[in-house]
Amino acid sequence: MGLALGLAAAPAGAQAAVITFDDLTCSAGGTPIPNGHAGLNWSNFYCVDGATAYGGNSGYNAGRVSGSHVALNGLGSPAEFIVTAPGGTKFNFNSVYLTGAWNDDLIVTIVAYRDGTAVSTTTHTLSATAPTLVTLSLSQIDRVRFSSAGGTPHAAYGTNFGYQFAMDNLDINFNLPATGVTAVPTLSQWGLMLLGLAAAGLGARRLRRS
């Protein structure tokens, strides 16, 4: 499952990315997200065309924030993403939009890890008819696990039910700039560069006089 990345220029030490899943070829039945997309490995996450899945009559359609594609947890089972290499670059987990695919009041638990230790556990109750913005603002994370349970079938979605959720616009920041992402100097960095140039010019004048 491919992921659309919106990369923005950021200060050195941060690479902003909003993963929208909209540059992928996603089937109405779901396509596994391949490892390596967006610098992450994915387990039990699938990409689906929410606009066409189940004739558009599901939380996959209601949960679309941008474009037509969303991610989902296969069979309603736990799913996670992790940095591509152990001990690799960590990321800040800023926010994500979640929607119950079939159940009203679906409960999703998000556990974020750093170096094998859980550093944050939060629980969120989702709507099946509109995305819920989950803001976490977690730093130095290398693994995030989602699990879901509970809720009641949304009557308008027919006989379908389950613990699947739709995920869109996953907002993270890697803690090192990637190739092609230009760091913008801060005011203090510009000041240091100007001081360095001035010192170099003064040294050159002294050499010419001696």
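Along the sequence shown, the residues carry numbers beginning at 1. Below, each value reflects all heavy atoms present in this structure, side chains not excepted, and no hydrogens, waters or symmetry copies.
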Practice prompt. Please report the C-alpha distance between Asn173 and Asn92 in whole Å, then the side-chain angles of each, then the deciding distance to 0.1 Å, and finally whether the side-chain hydrogen bond (donor to acceptor under 3.5 Å, both in side chains) criterion is met.
Written response: CA-CA 5 Å; Asn173 290 83; Asn92 299 336; 5.3 Å; no

Item to complete: Could you please spell out the steps behind the side-chain contact (heavy atoms from CB on, under 4.5 Å) verdict for Asn44 and Leu75?
Response: CA-CA 9 Å; Asn44 199 39; Leu75 299 176; 5.8 Å; no

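Listed here is the closest heavy atom pair of Gly67 and Arg64: O-NH1, 2.9 Å. Listed here is the closest heavy atom pair of Gly76 and Ser148: O-OG, 3.6 Å. The two atoms that bring Ala53 and Tyr60 nearest to each other are CB-CD1, 4.5 Å, heavy atoms only. Minimum heavy-atom separation, Asn61 to Gly56: ND2-O, 2.9 Å. For the pair Asp168 and Ser66, the tightest heavy-atom approach, listed with the atom from each and the gap, is OD2-N, 3.2 Å.
Between Asn73 and Pro78 the shortest side-chain heavy-atom distance does not fall below 4.5 Å. Contact of the Phe91 side chain with the Leu40 side chain is registered, since non-hydrogen atoms from C-beta on lie closer than 4.5 Å. At a threshold of 4.5 Å between non-hydrogen side-chain atoms, the residues Ile19 and Asn169 do not count as touching. The side-chain heavy atoms of Met167 and Phe21, taken from C-beta on, include a pair separated by under 4.5 Å. Between Thr31 and Val48 the shortest side-chain heavy-atom distance does not fall below 4.5 Å. Counting only heavy atoms from C-beta outward, the side chains of Arg145 and Ile82 never approach each other to under 4.5 Å. Between Leu170 and Phe81, some side-chain heavy-atom pair lies under the 4.5 Å cut-off. Within the 4.5 Å cutoff, no side-chain heavy atoms of Glu80 are placed close to those of Trp42.
Here Asp142 contributes atom CG and Thr89 contributes atom OG1; the two are 10.5 Å apart, rounded to the nearest 0.5 Å. Here the CG atom belonging to Asp49 is positioned 4.0 Å from the OG atom belonging to Ser68, to the nearest 0.5 angstrom. Within the model, atoms NE2 of His124 and CZ of Phe165 stand 11.0 Å from one another, a figure rounded to the nearest 0.5 Å. Atom OH of Tyr163 and atom OG of Ser147 lie 12.0 Å apart (nearest 0.5 Å). Within the model, atoms NZ of Lys90 and CD1 of Ile141 stand 9.0 Å from one another, a figure rounded to the nearest 0.5 Å. Expressed to the nearest 0.5 Å, how far CZ of Arg114 lies from CZ of Arg143 amounts to 14.0 Å.
Hydrophobic clustering (ILVMFWY, side-chain heavy atoms < 4.5 Å, transitive): Tyr157 and Tyr54 are in one cluster. Val119 and Phe174 fall within the same hydrophobic cluster, where Ile, Leu, Val, Met, Phe, Trp and Tyr residues are linked whenever their side-chain heavy atoms come under 4.5 Å apart, directly or through other members. Grouping the Ile, Leu, Val, Met, Phe, Trp and Tyr side chains by contacts below 4.5 angstrom, directly or via other members, places Ile33 apart from Val65. Neither Leu126 nor Tyr97 shares a network with the other; the hydrophobic side chains, linked directly or stepwise wherever heavy atoms of I, L, V, M, F, W or Y lie under 4.5 Å apart, form separate groups for each.
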Tabulate below the donor-acceptor pairs under 3.5 Å that side-chain atoms of residues 102-109 make, not counting sequence neighbours, or state none.
| residue | atom | partner | partner atom | Å |
| --- | --- | --- | --- | --- |
| Asn103 | ND2 | Gly150 | O | 3.1 |
| Asn103 | ND2 | Gly162 | O | 3.3 |
| Asp104 | OD1 | His154 | ND1 | 3.1 |
| Asp104 | OD2 | His154 | ND1 | 3.0 |

Cut-off 3.5 Å, no hydrogens considered: what does the side-chain donor-acceptor table look like for residues 129-137, sequence neighbours left out?
| residue | atom | partner | partner atom | Å |
| --- | --- | --- | --- | --- |
| Thr129 | OG1 | Ser127 | OG | 3.1 |

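Under a cut-off of 6.0 angstrom, the local environment of CZ in Phe146 is crowded, with over 12 non-hydrogen atoms contributed by other residues, nucleotides or ligands.
In terms of modelled atom types and a separation under 3.5 Å, the side chain of Asp171 and the main chain of Val18 share no donor-acceptor contact.
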